[in-house]
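Comments concern the structure below.
When reading the values below, keep in mind they use all heavy atoms of this one structure, side chains included, and skip hydrogens, waters and symmetry mates.
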Amino acid sequence: MPSDTSNWIISVPVQEEKSQEQMLQDMVTRLVRDSACDESDVAPLRIPSLKTGTLESLIIMAEDLPKIDNLFAAIVSRIVDALRALLNDDEDALNENLNIDGMSVEDYVMSWQWNSGKYRIEKSLNELMELLTKEMQSIDHIMKQKLSSYSAAKGQLQQLERKKHGNLTVCSLADIVHKDDMVDANSEFLVTLLVVVPKNHAKDWLSKYERLTPMVVPRSSSELAQDDEYILYNVTLFKKFQDEFIQKVRENKFHLREFVWDEGLLAREREELEEAGASEKELWTELLRLSCINFAEAYQALFHFKVIRTFVESVLRFGLPASYFVTVIEPTPRKAKTIIKSLVNQFSYLNEYISSKEKNAPAPSTQQHETPGEFVNLLEQEVFPFVLTEQSMIIV
């Protein structure tokens, strides 16, 4: 059962006694009568005169179509996910950036035209598929590279911001600890250590630190800073007991902070944070622009592929001449079954058409490639009397 969150491309042979305009009007009238959808939800889709090639080439291509379909859809989905992440799930901003040549995706689909300048119809179907595949793979490769660069820059910025705004176990101490809080780094015998203690263990620290090891300077620990969870203390002791003291600190579930006083450290950290922020912003802007461009290009390529897939399956289903009435339907939510029922009733005569096609096919020894109706069983979609190709909607 096709999804009502997909656009449906419907293809049937053109009836000899009717024009495509008449067939479109009949379809719209029936769908509206059956309360399946509105008139604006149905639009004609003009497939150009594509080269069919040989029957064998079509059969081989048909076998690869589902795999290529999944690949192309996944690439488009990754671009949308990238945009969604860049815009922090802002639906309005996402809708604004998901457009194709200034049109919304919905308007593009419902007014679609083959891009003959980019995908020249004098090329064979295999050449067109190769062109589309290379284009999509190139887009995917570029997106992955840019996403990797941006992720690295964002990760670096987050790490620096964590150092600036995190709790006392991880934040930078450059603007917290002052020179007077530490003994001279050139002292031959003494060293000052910095210890982060959970607030509910502050009394435990104050009662223990002088006895954790010998040669701790009495009453040398003082509170330097605190946040919601922790308190930062300094403590001075003789260097010869430094390693033992560090071990005791860890055994008592206190957190040691490594720190060396440096007068220029604060200025360097501020500069590093500013540079990281500027770099992240620049890459964000570049990635946003690239994602918008690549979405438009990838979605167009994907939809052209869907049209080719519809054409190939129509030829294999209904045979030649390749004269097909093709429409795109935007199903009304929760009315997929009603629409399908209406379409099945309208085109039920095609079941007899296909049976007749198979019955009248020449024997295998004389049959020409132009009569592929007997190969209908090779197709995956055998539920309906028409060819139906789904194109997932972009859900914001």
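Within 6.0 Å of CD on Glu122 lie more than 12 heavy atoms contributed by other residues, nucleotides or ligands. More than 12 heavy atoms of other residues, nucleotides or ligands sit less than 6.0 Å from atom CD of Glu251. No more than 12 heavy atoms of other residues, nucleotides or ligands lie within 6.0 Å of CD in Glu188, so this atom counts as exposed by the packing criterion. Under a cut-off of 6.0 angstrom, the local environment of CD in Glu282 is sparse, with at most 12 non-hydrogen atoms contributed by other residues, nucleotides or ligands. For Arg334, the CZ atom counts as loosely surrounded, since its 6.0 Å shell holds 12 or fewer non-hydrogen atoms of other residues, nucleotides or ligands. Summarising the local packing, NZ of Lys239 is surrounded by more than 12 heavy atoms from other residues, nucleotides or ligands at distances under 6.0 Å. Few gaps surround NZ on Lys199; more than 12 heavy atoms of other groups in view lie less than 6.0 Å from it. Other residues, nucleotides and ligands place no more than 12 heavy atoms under 6.0 Å from the CD atom of Glu39.
Between Glu286 and Lys146 there is a salt bridge, since a side-chain N of the basic residue sits under 4.0 Å from a carboxylate O of the acidic one. A salt bridge does not link Glu274 to Arg270: none of the charged nitrogens lies less than 4.0 Å from a carboxylate oxygen. Salt-bridge check for Asp26 with Arg30: failed, with every basic side-chain N at 4.0 Å or more from each acidic carboxylate O.
Side-chain atoms of Ser291 come within 3.5 Å of backbone N or O of Leu287 as a donor-acceptor pair. For Thr29 (side chain) and Gln25 (main-chain N/O), a donor-acceptor pair under 3.5 Å exists by modelled atom type. Of the possible donor and acceptor atoms, none in the side chain of Trp261 sits under 3.5 Å from a partner among the backbone N and O of Asp180. Without hydrogens or angle criteria, Ser342 side chain to Ile339 main chain gives no donor-acceptor distance under 3.5 Å. Checking side-chain atoms of Thr332 against main-chain N and O of Lys335 turns up no donor-acceptor pair under 3.5 Å. For Lys154 (side chain) and Glu280 (main-chain N/O), no donor-acceptor pair under 3.5 Å exists by modelled atom type. Under a 3.5 Å cut-off, the side chain of Glu229 and the backbone N or O of Pro198 do not form any donor-acceptor pair. Of the possible donor and acceptor atoms, none in the side chain of Asp38 sits under 3.5 Å from a partner among the backbone N and O of Asp41. Within the 3.5 Å criterion, the main-chain N or O of Ile79 finds no donor-acceptor partner in the side chain of Arg84. Within the 3.5 Å criterion, the main-chain N or O of Tyr119 finds a donor-acceptor partner in the side chain of Trp114.
Each of Leu265, Thr192, Leu224, Asn234 was scored for a side chain to side chain contact (heavy atoms under 4.5 Å, CB included) with Val177, with one residue passing: Leu224.
Put simply, Phe259 and Val170 are part of two different groups of oily side chains (I, L, V, M, F, W, Y) that touch within less than 4.5 Å, one to the next. Criterion: ILVMFWY side-chain heavy atoms under 4.5 Å apart, direct or through other members. Under it, Met1 and Phe347 are part of a common hydrophobic cluster. When hydrophobic clusters are built by joining Ile, Leu, Val, Met, Phe, Trp and Tyr residues whose side-chain heavy atoms come closer than 4.5 Å, directly or via intermediates, Met136 is grouped together with Ile142. Ile246 and Tyr230 sit in two unconnected hydrophobic clusters of ILVMFWY residues. Membership requires side-chain heavy atoms under 4.5 Å apart, directly or through other members. Tracing side-chain contacts under 4.5 Å through hydrophobic residues (I, L, V, M, F, W, Y), one never reaches Met103 starting from Ile293; they form parts of separate clusters.
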Using side chain to side chain donor-acceptor pair (under 3.5 Å), reason through Ser6 and Gln391 one step at a time and then give a plain yes or no.
CA-CA 5 Å; Ser6 296; Gln391 167 57 49; over 6 Å; no

For side chain to side chain donor-acceptor pair (under 3.5 Å), just list the numbers for Thr169 and Asn167, CA-CA rounded to whole Å, side-chain angles, deciding distance to a tenth of an Å, and then say yes or no.
CA-CA 6 Å; Thr169 64; Asn167 62 43; 2.4 Å; yes

Go through the steps for Asp69 and Arg309 under the test salt bridge (Lys or Arg N to Asp or Glu O under 4.0 Å), then give the verdict.
CA-CA 9 Å; Asp69 200 329; Arg309 179 173 185 176; 2.6 Å; yes

For Ser148 and Ser151: C-alpha separation, side-chain torsions, deciding distance, then whether side chain to side chain donor-acceptor pair (under 3.5 Å) applies.
CA-CA 5 Å; Ser148 178; Ser151 295; over 6 Å; no

Are Lys163 and Glu272 close enough, and set up right, to give a salt bridge (Lys or Arg N to Asp or Glu O under 4.0 Å), and what steps lead you there?
CA-CA 12 Å; Lys163 285 178 65 178; Glu272 188 179 13; 5.2 Å; no

Step-by-step salt bridge (Lys or Arg N to Asp or Glu O under 4.0 Å) determination, Asp262 to Arg268:
CA-CA 10 Å; Asp262 183 343; Arg268 290 198 303 273; 2.6 Å; yes

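The shortest non-hydrogen separation linking Pro218 to Tyr209 is C-OH, 4.4 Å. Nearest heavy-atom pair across Pro214 and Glu244 is CD-OE2, 4.4 Å. Across all their heavy atoms, Ala62 and Leu316 have their closest contact at CB-CD1, 3.6 Å. Nearest heavy atoms, Gly319 versus Tyr324: O-OH, 2.6 Å. Across Leu388 and Glu390, no two heavy atoms sit closer than the pair CD2-CG, 3.7 Å. Taking every heavy atom of both residues into account, Ala301 and Glu135 meet most closely at CB-OE1, 3.9 Å.
Separation of atoms CD1 (Ile308) and CD1 (Ile68) is listed at 9.5 Å; rounding is to 0.5 Å. Atom CD1 of residue Ile121 and atom CD1 of residue Ile47 lie 12.0 Å apart, to the nearest 0.5 angstrom. We find the NZ-CG distance between Lys51 and Leu128 to be 9.5 Å, quoted to the nearest 0.5 Å. To the nearest 0.5 Å, the span separating CD on Glu130 from CG on Leu132 amounts to 10.5 Å. In this structure, the separation between CG on Asp227 and CG on Leu168 is 4.0 Å, given to the nearest 0.5 Å. One finds the OG1 atom of Thr213 at 11.0 Å from the NZ atom of Lys240 (value rounded to the nearest 0.5 Å).
Classification of the Phe189-Phe238 ring pair by plane angle, with boundaries at 30° and 60°, yields tilted. In this structure, Tyr108 and Tyr299 have perpendicular ring planes: the angle between them is above 60°, well past the 30° mark.
Between His304 and Trp112, the ring center distance clears the sub-6.0 Å criterion. The aromatic ring centres of Phe241 and Phe245 sit 6.0 Å or more apart.
Checked by atom type, the side-chain pair Asp107/Ser104 shows a donor-acceptor distance below 3.5 Å. With no hydrogens or angles considered, no side-chain donor-acceptor pair links Thr389 and Trp8 at under 3.5 Å. With hydrogens and angles left out, the side-chain atoms of Thr236 and Ser220 include no donor and acceptor closer than 3.5 Å.
No side-chain heavy atom of Phe72 sits under 4.5 Å from any side-chain heavy atom of Asp140.
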